[in-house]
Amino acid sequence: MTMMGPIDRLTETPKIALVLTGGGARSAYQVGVLKGIAELLRRGSSCPFPIITGTSAGAVSAIALASDAAHFRRSVYAIERVWRDFRVHQVFKADALSMLKSGMHWMLALLTGGWLVHPPHALFDNTPLWELLRGHLNFDGIPRSLYKKHLQAIGVCATCYADAESVTFYSSASAIEPWARVFRKGARAQLTLDHLMASLSIPFLFRPVLLNDQYFGDGAMRQTSPLSPAIHLGADRLLIIGVNDPVCTGSGPMPPAVEPSFGQMVGFMLDSLFMDQLHADLERIRRYNESSELRHIESLVLIPSRDVNEIARRHVRELPRSLRVLLRTLGANNAANTLLLSYLLFERGFTRELIAMGYEDARARADEIRAFLCLGAARRRRSDKD
């Protein structure tokens, strides 16, 4: 966590950051929350978050917001249009021929010990995602947003395979110096599609990305402090949109012991990548705030109010048959093993339901969000000027 010196909290305007965690198809929930926030603002308002950081799928929305920061509602609606009509084939090749080729490649590599054919780089070919994002994102808009002061800083997190460090590639309007901490650092960069795709490269599922003569993968892998990039970029107030399920507080009976399938274990691995460190970092912030001599870091966390896995189970049949066969082979499509499924279910029935839930959750907490974003104070300042 970044250490900060004393400040007068009564006179300094809070620097609010939007933190978008990773989560594959679950990140549709974040789009719904953003839509709910957009409708709390006046039409034509600029982005209420001067600082934005994103990891993995959350980095896509982060880039989209930063590239059109002058028009928050317009950029959110543009993101929603893509997520509402998502199909798996827009993310990775899931047709029968592609699945067969991938399966045969893995089998031949295993049988020949890698001598006849080299081991595959990943389970899926995500070339379609490269093309989708290349057509929908305008990276040239980020420098314009920074120059016109609609944005203060944007950061995208990835993991370097060479030194096992979490790297935040960032652009900023002010002279923020690169930082280096244990297993994490910040590097100033002109953000491109390569930076984004590096952050999206989930291990085993998607191929790593060559960037600056090093290979990078999903930003959540070594992100031991997912909130620190926003704080390094100057934030003292964090609005965090996560994708994990609500914490279970019940004490119901334990289910019977069943040996986990391969798919269930991969799902737990992804769950750990995208969720565990967030809660630990929030606890560190709470301890950090106990020091009255240092600037407090305030946070507001929004997570799904309902079980995302249960929603995924209802939409499993929307997946291409070839992908359902693969998931069944991995043991990842029955009632007990839907964690992996929920991260790969890029189909519009599932994403639309998550968008709707995110929107409802944001509306239900509208008063909290308004207070956190100081929307009432902003209106009063405008009235005073008038």
Any side-chain heavy-atom pair of [X] and [Y] under 4.5 Å:
| X | Y | value |
| --- | --- | --- |
| L191 | I63 | yes |
| C47 | S75 | no |
| S305 | M357 | yes |
| Y215 | S201 | no |
| L344 | L205 | yes |
| Y161 | Q214 | no |
| L34 | L18 | yes |
| I285 | L238 | yes |

Under 6.0 Å from the [atom1] atom of [X], do we count more than 12 heavy atoms belonging to anything else shown?
| X | atom1 | answer |
| --- | --- | --- |
| E39 | CD | yes |
| Y77 | OH | yes |
| R321 | CZ | no |

Which heavy atom of [X] sits nearest a heavy atom of [Y], and at what distance?
| X | Y | result |
| --- | --- | --- |
| A230 | I51 | O-CG2, 4.2 Å |
| A189 | S171 | O-OG, 2.5 Å |
| I311 | R306 | CD1-NH2, 4.3 Å |
| Q30 | I241 | NE2-O, 2.9 Å |
| F169 | A158 | CE1-CB, 4.2 Å |
| L302 | A362 | CD2-CA, 4.4 Å |

Shared hydrophobic cluster, [X] / [Y] (ILVMFWY, side-chain heavy atoms < 4.5 Å):
| X | Y | answer |
| --- | --- | --- |
| W179 | V19 | no |
| F183 | I231 | no |
| I16 | L20 | yes |
| V31 | V82 | yes |
| I154 | L233 | no |

Has the side chain of [X] got a donor or acceptor atom that lies under 3.5 Å from a matching backbone atom of [Y]?
| X | Y | value |
| --- | --- | --- |
| N126 | V91 | no |
| Y170 | I176 | yes |
| H150 | S145 | no |
| R370 | L375 | no |
| T55 | A220 | no |
| S199 | S56 | yes |
| Q223 | C157 | no |
| Y29 | G242 | no |
| D218 | T159 | no |

Side chain to side chain donor-acceptor pair (under 3.5 Å) with D85: which of R352, R348, Q90?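 By the side chain to side chain donor-acceptor pair (under 3.5 Å) criterion, D85 pairs with just one of R352, R348, Q90: R352.
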
Quick one: do the [X] and [Y] side chains pair a donor with an acceptor below 3.5 Å?
| X | Y | answer |
| --- | --- | --- |
| E347 | H315 | no |
| D194 | T192 | no |
| S67 | N138 | no |
| S225 | R184 | no |

Within this structure, what is the [atom1]-[atom2] distance for the pair [X] and [Y], rounded to the nearest 0.5 Å?
| X | Y | atom1 | atom2 | result |
| --- | --- | --- | --- | --- |
| R26 | N244 | CZ | CG | 7.5 Å |
| F86 | L354 | CZ | CG | 12.5 Å |
| H195 | L211 | NE2 | CG | 4.5 Å |
| L239 | L300 | CG | CG | 5.0 Å |
| R286 | D281 | CZ | CG | 10.5 Å |
| R324 | E318 | CZ | CD | 10.0 Å |

Could you walk me through whether L227 and I297 pass the side-chain contact (heavy atoms from CB on, under 4.5 Å) test, one step at a time? CA-CA 10 Å; L227 304 181; I297 305 298; over 6 Å; no

Kindly indicate, with the supporting measurements, whether the criterion side-chain contact (heavy atoms from CB on, under 4.5 Å) is fulfilled by L65 and F49. CA-CA 9 Å; L65 294 174; F49 307 102; 5.7 Å; no

Checking E360 against R363 for the salt bridge (Lys or Arg N to Asp or Glu O under 4.0 Å) test, could you report, in this order, the C-alpha distance in whole Å, the side-chain angles of both residues, the deciding distance, and whether it holds? CA-CA 5 Å; E360 292 166 4; R363 299 295 292 179; over 6 Å; no

Report the C-alpha separation of F92 and D125 in whole Å, then their side-chain angles, then the decisive distance to 0.1 Å, and conclude whether the side-chain contact (heavy atoms from CB on, under 4.5 Å) test is met. CA-CA 5 Å; F92 55 88; D125 180 355; 5.8 Å; no

F124 and L323: CA distance, side-chain angles, deciding distance, side-chain contact (heavy atoms from CB on, under 4.5 Å) verdict: CA-CA 10 Å; F124 300 119; L323 185 56; 4.0 Å; yes

Taking the six-membered ring for Trp and the single ring otherwise, decide whether the centroids of F206 and W130 are under 6.0 Å apart.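 No; W130 has its ring centre 6.0 Å or more from that of F206.
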
Looking at E310 and R313, is there a salt bridge between them, counting it only when a charged N and a carboxylate O are closer than 4.0 Å?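 Judged by the 4.0 Å cut-off on N to carboxylate O distance, R313 and E310 do form a salt bridge.
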
